[in-house]
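Quick notes on the structure that follows.
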2 protein chains.
Amino acid sequence: MARTDLRPFFSSEHSAAAGRASVRLAEFAPFFGFEIDDPRLGEVAFPVRRIKAGESLVRAGDPFDAIYFVRCGFFKTVRVDEAGNEVVLALPMTGEAIGLDGLDPGHYTADVVALDTSLVAAVPFAQLAHLGRENASIERALFRAFSRALGREHSMICLLGTLSAEARVASFLLDLSDRFGRLGYSRTDFALRMTRQEIGSYLGLKLETVSRTFSALAASGAIGVDRKTITINDLAALQAIMQPKGEEPEMRPAPGAVRAQGAHRPSPRLAREARGRALAFA
Amino acid sequence: MARTDLRPFFSSEHSAAAGRASVRLAEFAPFFGFEIDDPRLGEVAFPVRRIKAGESLVRAGDPFDAIYFVRCGFFKTVRVDEAGNEVVLALPMTGEAIGLDGLDPGHYTADVVALDTSLVAAVPFAQLAHLGRENASIERALFRAFSRALGREHSMICLLGTLSAEARVASFLLDLSDRFGRLGYSRTDFALRMTRQEIGSYLGLKLETVSRTFSALAASGAIGVDRKTITINDLAALQAIMQPKGEEPEMRPAPGAVRAQGAHRPSPRLAREARGRALAFA
DNA sequence: CGACACATTGAACTTTATCAAGCCAGGTGG
DNA sequence: CCACCTGGCTTGATAAAGTTCAATGTGTCG
């Protein structure tokens with residue numbers, strides 16, 4: 001793991017290697033919920049890194065210094081735990097931030113590998129924190145980025161903790177569909193960038209199980225599978241897979257009688273609101 | 001048998017009224033990695049809430065306003081997903097923060113229920129962020145708290161994605177042991193505050209599986225189980241369970257390796273560093 | 001004391017992993 | 001151009017790990 005990785009044009013501001021070496025904040029901020037209310041702020045520029053499929057953006061153990069904002073492309077983050085197990089922790093794509101979990105330990109905790117040619121803005125954390133101190137919107141967006149990441153992990157834990165293989169795969173496809181959709185791509189037709197093995201690792205399954213589940217879903221007509229191309233034919237069917245029980249209409253306890261000791265009520269369903277790429281943060 | 005009682009010695013100083021209504025930052029900050037370099041800062045006080053076992057600190061859907069710092073006690077955070085599955089997401093105890101994931105959606109996403117009589121400091125997020133803007137150490141600690149939470153979730157995802165039931169339970173016990181140890185309690189004898197069902201939910205297992213695994217570990221001599229009391233007899237055995245393969249990774253084992261050192265696994269891995277109450281952030 | 005919630009244990013059953021072929025598309029080199 | 005590799009995918013047969021169902025035990029609390 002001690003592989004000295006020379007990072008291509010990291011701090012090169014002007015050196016226009018193959019392409020541009022930096023982006024202005026104003027160019028990518030909107031995709032991450034940053035509101036730029038001060039025009040000067042928008043002019044702050046950050047180095048850009050271009051990563052080709054198969055290359056690493058960061059490696060586990062590298063000293064933490066920057067957050068990476070994916071401007072376009074697709075990555076996988078892979079952690080190798082102490083037992084030597086490889087786990088795909090996340091599949092970040094355009095509009096998502098990478099590396100937040102490295103702040104506390106002081107080093108990145110996972111390898112981040114591009115699955116497709118990608119562009120990221122490398123924002124030194126110290127600088128970001130500094131900007132945040134001057135601009136409330138930036139600070140807010142930064143906190144929210146952390147919080148959102150946390151929420152995502154929680155969903156993942158629920159998925160791994162409770163869902164069957166079929167439900168996990170359905171959930172995975174719906175998530176991809178949703179994310180592609182938000183970016184303006186088709187919600188029903190897309191190409192997977194990762195192997196069955198990687199999907200399995202991400203979902204806590206073996207690649208054979210993923211393959212079989214794809215086949216089964218295809219046989220049921222819910223989706224079409226051709227190699228790495230997925231077609232979603234019946235969105236509702238996929239969603240239904242995750243409602244295993246005939247959920248009876250739940251009784252809604254009047255919001256006031258909160259004397260509930262011990263037992264936990266069915267609790268008000270927290271609507272999954274659109275937290276998309278939108279900027280708003282009341 | 002001595003039920004390790006987390007004595008509420010909280011109000012050591014003044015106003016030992018039955019229910020003191022506030023704590024000064026200086027009193028609990030050190031436990032969370034906050035460095036108080038400005039004495040005036042230490043005087044800032046926050047409301048305290050005392051929660052009895054079985055009561056809820058927050059409920060899913062409640063509007064997000066504060067982060068709760070557990071001063072003493074033990075909680076579970078439970079999410080009920082859209083399918084109606086209950087999942088125990090975390091088991092926060094003394095020295096940990098609760099509610100960080102609620103910032104982005106604007107409401108708490110899980111029920112947080114006390115498993116034991118507990119005391120928490122309720123720190124309004126807005127106020128915390130404001131303090132952070134004036135004091136770099138506070139801000140840093142806040143970011144780190146987010147980052148650390150993220151790291152914890154990642155470990156959880158690895159656990160759920162790759163480990164067998166036995167390894168999950170072993171890992172769970174080691175984690176508890178470690179956490180109790182950090183707080184000054186015995187690392188080898190402690191009382192579980194949660195049911196088998198809750199443990200199972202947390203580990204992605206059924207309660208029967210947890211029970212069976214406890215029994216098996218007890219039969220092997222690694223632990224002792226008496227109802228809710230756990231005794232760890234063989235720490236190394238538990239640790240060994242998580243090294244399923246004779247994984248001889250490429251890290252060359254130093255030729256003249258120390259054998260004396262009580263069979264300490266080759267875990268020069270990113271050692272889980274003392275992230276306890278320590279403050280350092282080089 | 002009796003009820004009840006929690007825990008343990010057994011046996012049957014399901015789901016997923018494992019092992020083992022075989023297949024297919026794309027790339028390489030003869 | 002084709003024959004042939006190769007890496008990834010599919011599919012089948014078994015096995016293993018957990019779940020489910022069910023019965024029984026046990027401490028706690030009213």
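A, B, ... follow the sequence lines: proteins, then strands. Residue 1 opens every chain.
Of the residues in residues 158-168 of chain B, Ser164(B), Ala165(B) come within less than 4.0 Å of DNA chain D through at least one heavy atom, sorted by number.
Under the rule for a side chain to side chain contact (heavy atoms under 4.5 Å, CB included), the partners of Thr77(B) that lie at least two apart in sequence or sit in another chain are Leu89(B), Ala90(B), Pro92(B), Ala110(B), Val112(B). Not counting sequence neighbours, Glu166(A) has no partner by the salt bridge (Lys or Arg N to Asp or Glu O under 4.0 Å) test. Residues passing the side chain to side chain donor-acceptor pair (under 3.5 Å) test with Arg187(B) are Asp178(B), sequence neighbours excluded. Shown here are the side chain to side chain contact (heavy atoms under 4.5 Å, CB included) partners of Leu207(B), two or more places apart in sequence or in another chain: Arg196(B), Gln197(B). The side chain to side chain contact (heavy atoms under 4.5 Å, CB included) search around Ala170(A) returns Leu238(A), Ile241(A), not counting sequence neighbours. Every residue was checked against the salt bridge (Lys or Arg N to Asp or Glu O under 4.0 Å) condition with Asp234(B), not counting sequence neighbours, and none meets it. When the side chain to side chain contact (heavy atoms under 4.5 Å, CB included) test is applied to Arg179(A), the partners found at least two apart in sequence or on another chain are Leu91(A), Met93(A), Glu96(A), Asp175(A), Leu176(A). Residues that satisfy the salt bridge (Lys or Arg N to Asp or Glu O under 4.0 Å) test with Lys76(A), not counting sequence neighbours, are Glu198(A).
For the pair Ser186(A) and Phe180(A), the minimum side-chain heavy-atom distance is 4.5 Å or more. Looking at heavy atoms from C-beta onward, Phe214(B) lies in side-chain contact with Leu173(B) at the 4.5 angstrom threshold.
Here Thr209(B) does not reach the OP1 or OP2 of dA17(D): none of its side-chain N or O atoms lies under 4.0 Å away. Under 4.0 angstrom from either OP1 or OP2 of dT20(D) there lies at least one side-chain N or O belonging to Lys206(B).
Looking at heavy-atom distances under 4.0 Å, Thr195(A) makes contact with sugar-phosphate atoms alone, never a base. As judged by a 4.0 angstrom heavy-atom cut-off over every strand, Gly204(A) is placed among residues touching the sugar-phosphate backbone only. Residue Leu207(B) is out of contact with every strand shown, counting any heavy-atom pair closer than 4.0 Å.
Under a 3.5 Å cut-off, the side chain of Arg168(B) and the backbone N or O of Leu160(B) do form a donor-acceptor pair. One N or O on the side chain of Thr94(B) and one on the backbone of Gly73(B) form a donor-acceptor pair closer than 3.5 Å.
Remark: P of dT19(D) and CZ of Arg212(B) are 9 Å apart, rounded to the nearest angstrom. The NZ-P distance, from Lys228(A) to dT10(D), rounds to 10 Å in whole Å.
Side-chain N/O atoms of Arg196(A) and base N/O atoms of dG7(D) include no donor-acceptor pair closer than 3.5 Å.
Note on the helix from dC1(C)-dG30(D) to dG30(C)-dC1(D): terminal axis deviation equals 30°, with five pairs used at each end and the result rounded to 10°.
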>> What does the B/S/- profile of nucleotides 22-30 of chain D look like, 5' to 3', with a 4.0 Å heavy-atom cutoff to protein?
In response: ----B----

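The span of DNA chain C lying next to chain B, judged by atoms under 4.0 Å from heavy atoms, is bounded 5' to 3' by dC6(C) to dA11(C).
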>> With side-chain contact (heavy atoms from CB on, under 4.5 Å) as the criterion, how do Val169(A) and Thr209(A) come out once you've worked through the C-alpha distance, each side chain's angles and the decisive distance to 0.1 Å?
In response: CA-CA 10 Å; Val169(A) 170; Thr209(A) 305; over 6 Å; no

